[in-house]
Amino acid sequence: MVKDIKDNNQDAIFVKADVTQKSDIQAIVDSALTTYDKIDILYHGADIHDGYDNAVELEEDFYDKLMAINVKAPYLASKMVIPHLSSKVAALLFRSQIALVVANMIVNHKKSPLLN
């Protein structure tokens with residue numbers, strides 16, 4: 001993806017990260033700030049699916065992973081990025097509906113236009 005972006009005369013960086021690790025999420029944010037001095041958009045596209053397992057069939061370890069990727073990671077990323085969002089152009093984009101609920105909880109208390 002980075003190559004495709006650069007091939008179109010745009011700039012991009014790649015940061016390998018495990019979104020279940022808070023330190024990796026912080027490394028992504030730090031890399032963006034170091035490279036670009038600001039953040040305009042947070043796109044959280046990492047999510048996993050439970051395969052429509054019911055509560056009895058879903059293993060607890062997989063549930064923990066599901067929550068870590070789909071809920072906790074977007075929460076942490078939003079919490080780390082929001083203080084650095086540029087004031088003129090800013091967006092939080094979430095692929096997962098669960099993540100969107102979390103993001104809305106984060107910014108809604110400040111009456112932010114980001115997700116309202």
Atom pair [atom1] ([X]) and [atom2] ([Y]), whose distance is rounded to the nearest 0.5 Å:
X: E59; Y: L66; atom1: CD; atom2: CG; answer: 13.0 Å
X: Y75; Y: M80; atom1: OH; atom2: CE; answer: 9.0 Å
X: D24; Y: D30; atom1: CG; atom2: CG; answer: 11.5 Å
X: D40; Y: L42; atom1: CG; atom2: CG; answer: 11.5 Å

- Message: Given L76, which partner from the list I25, V71, V29 fulfils the side chain to side chain contact (heavy atoms under 4.5 Å, CB included) test?
- Response: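 Answer to the side chain to side chain contact (heavy atoms under 4.5 Å, CB included) test with L76 among I25, V71, V29: I25.
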[X] to [Y] - nearest heavy-atom pair and separation:
X: I5; Y: A12; result: CG2-CB, 3.7 Å
X: S78; Y: P83; result: O-CD, 4.5 Å
X: H44; Y: A77; result: CD2-CB, 4.4 Å
X: T34; Y: D37; result: O-OD1, 4.3 Å
X: V2; Y: I13; result: CG2-O, 3.6 Å
X: A73; Y: V19; result: CB-O, 3.2 Å

- Query: Taking everything shown except Y36 itself, do over 12 heavy atoms lie less than 6.0 Å from its OH?
  - Reply: yes
- Check whether more than 12 heavy atoms from other residues, nucleotides or ligands sit under 6.0 Å from atom CD of E60, and answer yes or no. no
- Message: Tell me whether I28 shares a hydrophobic cluster with I82, the cluster being built from Ile, Leu, Val, Met, Phe, Trp, Tyr side chains joined at under 4.5 Å.
- Response: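 No, I28 does not connect to I82 through the hydrophobic network.
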- Task: Tell me whether I69 is reachable from Y63 by hopping between hydrophobic residues (I, L, V, M, F, W, Y) whose side-chain heavy atoms are closer than 4.5 Å.
- Result: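 In one cluster with Y63: I69, yes.
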- Begin with the C-alpha distance, continue with both residues' side-chain angles, and end with the deciding distance and a verdict on salt bridge (charged side-chain N to carboxylate O under 4.0 Å, His left out) for D61 and K65. CA-CA 6 Å; D61 288 346; K65 184 177 180 179; over 6 Å; no
